[in-house]
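To start, the structure under review is shown below, and the notes come after it.
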2 protein chains.
Amino acid sequence: MKFEALTIKDIAKALGLSISTVSKALRGSHEISEETKQAVLRYAREHNYKPNPIAQSLKRGQSRSIGVIVCNIDNNFFSQVINGIESIAQNRGYNVIITQSQESYEKEVSNSDHLSSRSVDGLIISLSAETQHMDHLVKLHEKGLPIVFFDRITDEIRTHRIVANNYKGAYEATKHLLQQGCRRIAHVTSSGSLSITRERLEGYKQALADAGVTADDRLIKFCPHGGMIREETQQALTELLQLPERPDAIFTASDRLSTTTLSLLQAMRIPIPCEIALVGYTNSISAEIFNPSLTSVVQPALEMGKLATEMLLSLIESRRPVTHFEKRILDTELQIRESSQKSRC
Amino acid sequence: MKFEALTIKDIAKALGLSISTVSKALRGSHEISEETKQAVLRYAREHNYKPNPIAQSLKRGQSRSIGVIVCNIDNNFFSQVINGIESIAQNRGYNVIITQSQESYEKEVSNSDHLSSRSVDGLIISLSAETQHMDHLVKLHEKGLPIVFFDRITDEIRTHRIVANNYKGAYEATKHLLQQGCRRIAHVTSSGSLSITRERLEGYKQALADAGVTADDRLIKFCPHGGMIREETQQALTELLQLPERPDAIFTASDRLSTTTLSLLQAMRIPIPCEIALVGYTNSISAEIFNPSLTSVVQPALEMGKLATEMLLSLIESRRPVTHFEKRILDTELQIRESSQKSRC
DNA sequence: TTTTTTTACGAAAACGATTGCGGGCAAAGA
DNA sequence: TCTTTGCCCGCAATCGTTTTCGTAAAAAAA
């Protein structure tokens with residue numbers, strides 16, 4: 001089953017012109033008389049001619065599509081980023097091909113391979129939690145594929161990067177908890193190999209240090225799968241609660257970790273914030289109706305997606321090799337809600 | 001900036017063969033001697049040859065990509081469906097191009113036009129809330145573009161459709177509320193033009209009828225934008241609460257409506273479920289940590305995405321025109337939580 | 001009128017892959 | 001020795017566009 005569409009050749013035949021004349025007329029070439037142009041344009045309009053994008057791609061050597069690799073679409077942060085990507089790409093005439101790594105290194109490799117062989121013109125990627133080395137991306141980048149990183153970035157590849165200010169976001173979240181009187185603040189975070197994990201950890205530690213609170217490594221728990229596996233988070237929490245001195249607050253470093261932690265604490269019937277205060281990174285639009293409503297570090301996801309796309313398109317459409325790369329750092333917002341307000345206890 | 005990939009021509013030159021021989025060898029044609037085949041295959045493997053999919057598309061007249069139109073990716077139901085679509089498409093070698101209608105008819109038309117201008121082999125779509133007529137889709141369908149509908153479907157186009165059992169889902173939700181002792185059950189739903197709205201309304205009404213409760217039209221509120229506009233829902237709730245006899249329960253018919261309603265009721269400090277019980281359609285993974293945890297009608301979103309994709313691919317890959325179309329109806333699940341349990345009041 | 005310049009268009013070669021068909025060549029049969 | 005039969009392989013057309021280059025005719029300059 002296929003459907004035959006009008007081609008440039010049909011127009012040529014219908015109007016008694018040559019293929020090249022029609023092509024030029026459609027593209028408004030000055031070589032074609034105004035008269036002929038109008039005739040062609042009119043015919044094309046009336047018969048709803050649409051150039052075959054595949055033929056154009058082949059000819060031009062580019063596909064006008066960009067690939068996206070995120071760990072999981074079913075997550076408000078990433079779906080909002082994609083929203084941003086889509087909005088820019090759409091009105092610049094690019095298609096967006098989305099793939100998910102599900103936090104798996106293997107899937108990330110196969111997705112990037114697949115996308116590049118499907119000849120996308122560029123790639124926007126946020127690394128998977130498992131990813132330790134970048135060979136697969138380095139290879140593509142060296143071949144000339146434009147890449148833009150966001151959120152979980154690397155500095156092994158010289159290109160544009162766009163991130164939220166993870167350090168500051170974590171610093172403020174931790175500081176907020178300290179201001180609430182918390183002193184044993186646990187940090188539940190993703191894989192230690194991720195840039196976001198390191199930066200947020202830094203911010204957390206610095207806030208503690210600035211408040212004269214000594215950090216306790218037992219209060220820091222890594223979840224290598226970033227909360228995709230509930231048991232992993234469960235295990236982390238159990239360990240935290242079995243410490244001789246229980247934490248009086250938890251700061252979770254990702255969307256999934258935050259909701260899972262909240263859910264687990266609820267299941268364990270631990271009063272939030274009275275026994276344990278909670279602040280989490282999340283872009284969930286429902287954070288305010290959580291029980292309790294969740295104090296959140298919110299990332300400008302839409303904006304990040306838009307920026308990443310603009311940067312990628314500037315790379316793709318640049319005539320000369322780009323040598324100057326930017327790292328854009330956007331501010332997060334701390335939305336204070338019930339889950340952290342010890343004062344109400 | 002582009003990167004040159006190895007072509008069939010390069011292989012031919014390197015091995016002193018003709019282009020056609022190489023092509024045939026790669027495709028395992030019987031016309032080519034075993035010896036030559038091995039040589040070509042080995043060279044291709046060693047130099048990581050990947051056929052240019054664009055050239056193949058042009059030749060074959062298909063792109064091996066499918067288009068998806070949903071109203072909004074930033075919504076657990078749709079992101080889960082997409083998850084399903086992606087998983088099937090991926091391992092059948094198809095790319096997925098996702099677009100969002102944002103519940104706008106205009107955007108839906110432009111998206112479908114854009115996708116269909118021969119860049120996709122088929123379309124999976126859930127109609128926007130604004131969509132009243134199908135001309136844009138009928139046109140494409142008549143031209144031969146395979147289309148599969150899911151969730152918000154139409155019967156103006158003869159093709160495969162896949163939906164949850166909306167009637168039954170709504171019936172059970174309403175019945176559950178009735179069993180909790182509720183008698184004035186309001187129904188807050190989307191645009192009346194959507195199939196899901198009509199079916200869920202039916203189920204709701206029938207459950208009332210079966211319980212001998214007379215329906216009250218004042219208790220039924222339509223939100224033409226499906227909750228995308230908070231004020232719309234706000235307005236509906238305000239009207240409900242100003243009725244001489246207030247509702248003692250609300251049944252919301254979509255993801256966004258459910259969370260918005262919960263949020264608004266909270267803001268108005270109306271105790272749930274004691275004053276008003278709440279049951280909502282939602283696929284939010286966080287429904288259990290809402291305040292109160294939300295009794296939900298959950299749709300098999302992942303499954304729906306998978307099925308829709310399998311059906312679409314069968315249409316695309318069918319050799320002869322398909323004349324028999326299916327409407328698959330999947331069961332929903334009622335997850336009972338606090339928001340509806342009057343017994344605990 | 002002759003020569004030069006414009007104008008307006010067409011022929012053809014790409015882009016990378018697929019495929020029907022024709023033909024060279026060796027082995028086998030006459 | 002000459003013809004026949006396969007086996008392998010290359011030629012060339014094709015998918016729909018874009019683009020370079022060549023060239024007739026018309027217009028301008030001589």
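Everything quoted here is computed from the prediction, not taken from an experiment. All chains are named by letter (A, B, ...) in the order of the sequence lines, taking the proteins before the strands, and each is independently numbered beginning at 1.
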To the nearest angstrom, the CD1-C1' distance between A:Ile32 and D:dT19 comes to 12 Å
Interatomic distance, CD1@A:Ile97 vs OH@A:Tyr94, rounded to 0.5 Å, equals 13.0 Å
Taking C:dA8, D:dG16, D:dT17 as options, the one with an atom nearest any side-chain atom of B:Leu58 is D:dG16
- prompt: Base, sugar-phosphate alone, or nothing: which one does B:Ser20 contact when heavy atoms must sit under 4.0 Å apart?
  reply: base
Can you tell me whether the side chain of B:Lys9 and the base of C:dA17 have a donor-acceptor pair closer than 3.5 Å? no
Sidechain N-carboxylate O distance under 4.0 Å for A:Glu317, A:Arg92: yes
Practice prompt. Establish, with yes or no, whether the OP1 or OP2 oxygen of D:dT17 is under 4.0 angstrom from a side-chain nitrogen or oxygen of A:Arg60.
Written response: no
Between CD of A:Glu34 and P of C:dT6 the distance, given in whole Å, is 20 Å
Are any of the side-chain nitrogens in A:Glu310 or A:Lys306 under 4.0 Å away from the carboxylate oxygens of its partner? no
Task: Polar side-chain contact A:Lys24-D:dT20 base: donor and acceptor under 3.5 Å - done: yes
note: A:Leu6, atom CG; D:dC15, atom P; distance rounded to Å ~ 14 Å
Select base, sugar-phosphate, or nothing to describe what B:Ile19 touches, counting heavy atoms under 4.0 Å on all strands.
-> base
Below 4.0 Å: OP1/OP2 of C:dG16 and any side-chain N or O of B:Tyr49: no
Original post:
Between B:Arg27 and C:dA17, does any side-chain N or O lie under 4.0 Å from OP1 or OP2?
Top reply: no
#### Entry: B:Thr7 side-chain N/O to C:dG16 phosphate OP1/OP2 under 4.0 Å
no
B:Leu15 atom CG is separated from D:dC9 atom P, nearest whole Å, by 11 Å
Picking from D:dC8, D:dT18, C:dA17, the nucleotide nearest the side-chain atoms of A:Gln56 would be D:dT18
Atom CD of A:Gln38 and atom P of C:dC9 are separated, to the nearest Å, by 13 Å
Between B:Pro51 and A:His30, the residue closer to the 5' end of DNA chain C by nearest nucleotide is A:His30
* Examine the base of D:dT18 for any acceptor or donor lying under 3.5 Å from a partner atom in the side chain of A:Lys59, and report the outcome as yes or no. => yes
Q) So, the side chain of B:His160 versus the backbone of B:Glu326: is there a donor-acceptor pair under 3.5 Å, distance only? A) yes
*Output yes when A:Arg152 and A:Glu103 qualify as a salt bridge under the 4.0 Å nitrogen-oxygen rule, no when they do not.*
yes
Give one of base, sugar-phosphate or nothing for B:Leu17, where a contact means two heavy atoms less than 4.0 Å apart. sugar-phosphate
When rounded to whole Å, the CD1 to C1' distance for the pair B:Ile8 and C:dC15 reads 13 Å
A:Thr36 near the nucleic acid: base, sugar-phosphate alone, or nothing, with a heavy-atom cut-off under 4.0 Å? sugar-phosphate
Check whether the side chain of B:Ser23 and the base of C:dA17 form a donor-acceptor pair under 3.5 Å. no
Whole-Å distance, A:Gln62 CD to D:dT18 C1', equals 13 Å
What one should report as the nearest heavy-atom pair of B:Phe325 and B:Val322 is CZ-O, 3.4 Å
Separation of C:dG24 atom C1' from B:Glu31 atom CD, nearest Å, is 15 Å
